[in-house]
Amino acid sequence: MIKKRLKARLDECFTKGVSQGLWSADSAGTYAVEEPKQAAHGDFATNMAMVIGGREKKNPREIAGLLAGLMADHTDLVGKVEIAGPGFVNFFIKPEVWHSVLPEVCGQNEKYGLSEIGAGCKVLVEFVSANPTGPLSIGHGRQAVLGDAIARLLAATGHQVTREYYYNDAGRQMRVLGESTRARYLELLGLKHDFPEDGYQGEYIREIAAKLVKEQGDALKDLEEITPFKEAAEQAIFADIDATLNRLEIKFDNYFNEHTLYDAGLIDEVVAALRAKGLVYDRDDAVWFKTTEYGQEQDRVIIKSSGEPTYRLPDIAYHREKFKRGFDWMVDIFGADHIATVPDVMAGLMALGYDPAKVTVVLHQFVTLMREGKQVKMSTRKANFVTIDELVDEVGVDVVRFFFLMRKADSHLEFDLDLATQQSQENPVYYMQYGHARLASINRKAAEKGVARGSLADVPLHRLIEAEELHLLKSLAAWPELVESAALNLEPHGVIFFMQDLAAQFHSYYNKHRIISDDLELSRARLWLAEGIRIILRNGLNLIGVNAPETM
RNA sequence: GCGCCCGUAGCUCAGCUGGAUAGAGCAACGGACUUCUAAUCCGUAGGCCACAGGUUCGAAUCCUGUCGGGCGCACCA
């Protein structure tokens, strides 16, 4: 928030410099305000002089001098300006400016950090999208939490967010599911049965079959039709998935069934549209899409010789629907194993005249579960399959959410079960939660001792002069910008790193300085600072869907 | 063979829209609880940012190549 204010002043100076003929307008928008790593280099710095110098073949340090002169008009914000190194201009913000962030933070409270940069932007976040063939896996879990956090971030920045789950309850997978269920059903009745070659072997199928036996007895034993089995399985599995998502506090606004695309004739429409553009042809009884026109190595089949579409066609049709439904931005969260589908969908959209730049695909890499230093093997169809539900049973919702969000999506995620189950110092989740609990405890203590924070207007915030205090205030001021950048870049892990740093600063400060002391005025100022920190920790934890406990 | 992702401290990872002396947690070692929650803090140690070139005032960050790891490359999804 202070950074933005400084940037605005800098832009003013830049324009003034242009009108005074000090430099040309060419460098507009190319310079940046950044936070130097070294405290000695000021609160903020700009590379403007070096950028201009480079472009206009002028001495950067001279430009820096001119800029520093122009900044002399802004002493209300900047206390000291220094020219350093190759032409950096360093700014030292006045302490009272840092003090002024506290009323904003505390005044806005729950709303501090929210913004409207996404106002008017309708965005669709598609995630999980697992077909109902079994419980959610660890990989689905990462995707669910990631998608949910991204949706929360986008909503926090004013976007109009729709969360959607896309699934298909037809097709081969589901047929095998039905057959697997029937086989277990017959098995339970002690009848002859053939378990499908590639059937689903999980225990959950037996449970579904057992329920069928309980409810219907042997009434289904002579049925040729697998539909009742399939439907029973689908219903039970979806209920299960839903329950798991609920535990993780994840809700969807809409479930989009692939089937509706067929029913509405939209699949045929897409084929016809592509064919009309000459981008589709028939060969070997199949229908091919000329993806080579869009830079791919080979054309792809969109309708098999059997007459069934491949996954590409409905995927394209589905994304076309997203556009037609009026979304300005479409975010797809996919596992890394779905990389191959992305170029096909993009090509399809381009062919249909839509702008693929409006679709952002977030690919997340795989999760490796570690226990006692060794990798836990996860085979989808076999016995040692680990579900997200089991993981939640073992470590709890907060830890699962936090661990899944700790890494950027691009990184392989190593989930250390030993670390996650530690209810102690090593576990990073508790570090932040403990910070919040500690702050809440300070408030209780203050009340107990009869030390009221008082009205913010009357509190002598200028008493906050310790380096740690100013640094904390600076972090509080940076929160809204952090949320914005995490949202626009679809990177929830940024929130976690920020909060970890804030919690660390607070813990350190707490150990070094007393908040409640005999100095009543100072105590009040510090209590307000503490409240500001607590507000951000709580808002941040809410943003990633982790509890902010009052006590621990 | 082709495409995408990754390679940073012993381990797990930030930093990557180029900026000044590369960071955190864990593990190791040494300290701090009569005072607001020690699930905390302070200190020590730990680095050819995989490698080699290139771009420029300046590269962990951008480009090219090499090596290593993961994931894909169906008329499966």
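Side chains included, hydrogens not; waters and symmetry mates left out as well; all remaining heavy atoms used. Convention: sequence-line order gives letters A, B, ...; per-chain numbering from 1.
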> Looking at the side chain of A/His41, which of B/A77, B/G72, B/A20 is the nearest nucleotide?
B/A20
> For B/C6, take OP1 and OP2 only and decide whether either is under 4.0 Å from a side-chain N or O of A/Lys408.
no
> What integer distance in Å separates A/Met48:CE from B/G58:P?
22 Å
> Which nucleotide in the list B/C75, B/C36, B/C71 gets nearest to the side chain of A/Arg514?
B/C36
> Under 4.0 angstrom, heavy atoms only, what part of the nucleic acid is A/Lys445 near: base, sugar-phosphate, or nothing?
sugar-phosphate
> To the nearest Å, give me how far apart NE2 (A/His493) and P (B/A14) are.
6 Å
> Return the value, rounded to whole Å, for the distance between atom CZ of A/Phe497 and atom P of B/G15.
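The answer, rounded to whole Å, is 7 Å.
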> With the side chain of A/Arg300 defined as its heavy atoms from C-beta on, choose the nearest nucleotide among B/A74, B/A77, B/G19.
B/A74
> Rounding to the closest angstrom, what is the interatomic distance between B/G1 and B/U8 at atom P?
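Here B/G1 and B/U8 have their P atoms 24 Å from each other.
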> What's the CE-P distance between A/Met174 and B/C76, to the nearest Å?
18 Å
> Is the number of heavy atoms from other residues, nucleotides or ligands under 6.0 Å of A/Asp518 CG greater than 12?
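No - once you tally the heavy atoms of other residues, nucleotides and ligands closer than 6.0 Å, there are 12 at most.
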> Nearest of B/C71, B/A74, B/C6 to any side-chain atom of A/Asp410?
B/C6
> Could you tell me how far apart A/Arg444 (CZ) and B/C36 (P) are, to the nearest whole angstrom?
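Atom CZ in A/Arg444 sits about 13 Å away from atom P in B/C36.
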> Across the strands shown, which category fits A/Ala45 at heavy-atom distances under 4.0 angstrom: base, sugar-phosphate, nothing?
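Base contact.
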> So A/Asp284, base contact, sugar-phosphate only, or nothing? Heavy-atom distance under 4.0 Å.
base
> Would you mind classifying the nucleic acid contact of A/Thr551 as base, sugar-phosphate or nothing, using non-hydrogen atoms under 4.0 angstrom?
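Base: the residue A/Thr551, judged by heavy atoms under 4.0 Å, touches a nucleobase.
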> Tell me whether the side-chain N/O atoms of A/Tyr431 come closer than 4.0 Å to OP1 or OP2 in B/C41.
yes
> Among the nucleotides B/C13, B/C76, B/A38, which one has an atom lying closest to any side-chain atom of A/Arg438?
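Looking only at heavy atoms from C-beta outward on A/Arg438, the closest nucleotide is B/A38.
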> Hey, which of these two, A/Ser306 or A/Ala503, hits RNA chain B nearer its 5' end, going by closest nucleotide?
A/Ala503
> Are A/Phe44 and A/Phe91 close enough that their ring centers fall under 6.0 Å?
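No: the rings miss the under 6.0 Å criterion.
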> Hey, does the side chain of A/Ser523 come within less than 4.0 Å of B/C36's phosphate (OP1/OP2), counting only N and O?
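A/Ser523 to B/C36 OP1/OP2: no side-chain N or O under 4.0 Å.
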> Heavy atoms from C-beta onward define the side chain here; which of B/C2, B/C73, B/C13 lies closest to that of A/Ser411?
B/C13
> Are there over 12 heavy-atom neighbours, none belonging to A/His259, within less than 6.0 Å of that residue's NE2?
no
> Please work out if A/His338 contacts a base, only the sugar-phosphate, or nothing of the nucleic acid, heavy-atom cut-off 4.0 Å.
base
> Mind checking A/Ala530 for me? I need base, sugar-phosphate or nothing, with any heavy atom below 4.0 Å counting as a touch.
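Since no nucleic acid heavy atom lies under 4.0 Å of A/Ala530, the category is nothing.
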> If you measure from the ring centre of A/His412 to the centre of the six-membered ring in the base of B/G70, is it under 5.5 Å, with the planes under 30° apart?
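Taking the rule of under 5.5 Å and under 30°, the ring of A/His412 does not stack on B/G70.
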> Quick one: which of B/G70, B/A74, B/U12 gets closest to the side chain of A/Arg407?
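For A/Arg407, the side-chain atoms sit closest to B/U12.
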> Is there a side-chain contact between A/Glu35 and A/Lys474 in this structure, where contact means two heavy atoms from C-beta onward sitting under 4.5 Å apart?
yes
> Using a cut-off of strictly less than 4.0 Å, decide whether A/Lys37 has a side-chain nitrogen or oxygen near OP1 or OP2 of B/A20.
yes
> Ignoring hydrogens and angles, state whether a donor on the side chain of A/Ser475 or A/Gln505 is under 3.5 Å from an acceptor on the partner side chain.
yes
> Do A/Phe289 and A/Tyr281 have their ring centres less than 6.0 Å from each other?
no
> Both A/Val301 and A/Thr46 contact RNA chain B. Taking the nearest nucleotide for each, which residue is further toward the 5' end?
A/Thr46
> Checking all strands, does A/Gln505 fall into the base, sugar-phosphate, or nothing category for heavy-atom contacts under 4.0 angstrom?
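Answer is nothing: A/Gln505 stays at 4.0 Å or more from every strand.
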> Less than 4.0 angstrom between a side-chain N/O of A/Thr310 and OP1 or OP2 of B/C76, yes or no?
no
> Using atom P of each nucleotide, how far apart are B/C5 and B/U64 to the nearest Å?
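Roughly 11 Å separates the two P atoms.
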> Go through B/U40, B/C71, B/G19 for me and flag the one nearest to the A/Asn47 side chain.
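Of B/U40, B/C71, B/G19, B/G19 is nearest to the side chain of A/Asn47.
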> When the distance from CG of A/Asp501 to C1' of B/G23 is rounded to whole Å, what number comes out?
10 Å
> Using the C1' atom as the reference point in each nucleotide, state the distance between B/C16 and B/G46 in Å, no decimals.
24 Å
> Select base, sugar-phosphate, or nothing to describe what A/Ala340 touches, counting heavy atoms under 4.0 Å on all strands.
sugar-phosphate
> Taking the side chain of A/Arg172 as its heavy atoms from C-beta onward, which of B/G19, B/C75, B/C76 lies nearest to it?
B/C76
> Taking atom P of B/C57 as reference, at what distance in whole Å does atom CD1 of A/Ile52 sit?
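After rounding, the reported distance stands at 16 Å.
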> State which of B/C5, B/A39, B/U21 makes the closest approach to the side chain of A/Gln38.
B/U21
> Is there ring stacking between A/Phe88 and B/A20, where the centres must be under 5.5 angstrom apart and the planes under 30 degrees?
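Ring-base stacking flag set for A/Phe88 and B/A20.
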> Does A/Tyr430 make a side-chain donor-acceptor contact with the base of B/A39, cut-off 3.5 Å?
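It does not, because no donor-acceptor pair links the side chain of A/Tyr430 to the base of B/A39 below 3.5 Å.
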> Please say whether more than 12 non-hydrogen atoms of neighbouring residues, nucleotides or ligands are located less than 6.0 Å from CD in A/Gln375.
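Yes, the 6.0 Å shell around CD holds more than 12 heavy atoms from other groups.
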> Atom CG of A/Asn511 to atom P of B/A39: distance rounded to whole Å?
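So the two atoms are 11 Å apart, to the nearest Å.
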> Counting only side-chain nitrogens and oxygens, does A/Tyr510 get under 4.0 Å of the OP1 or OP2 atom of B/A38?
yes
> Kindly say whether the aromatic ring centers of A/Phe404 and A/Phe415 come within a distance under 6.0 Å.
yes
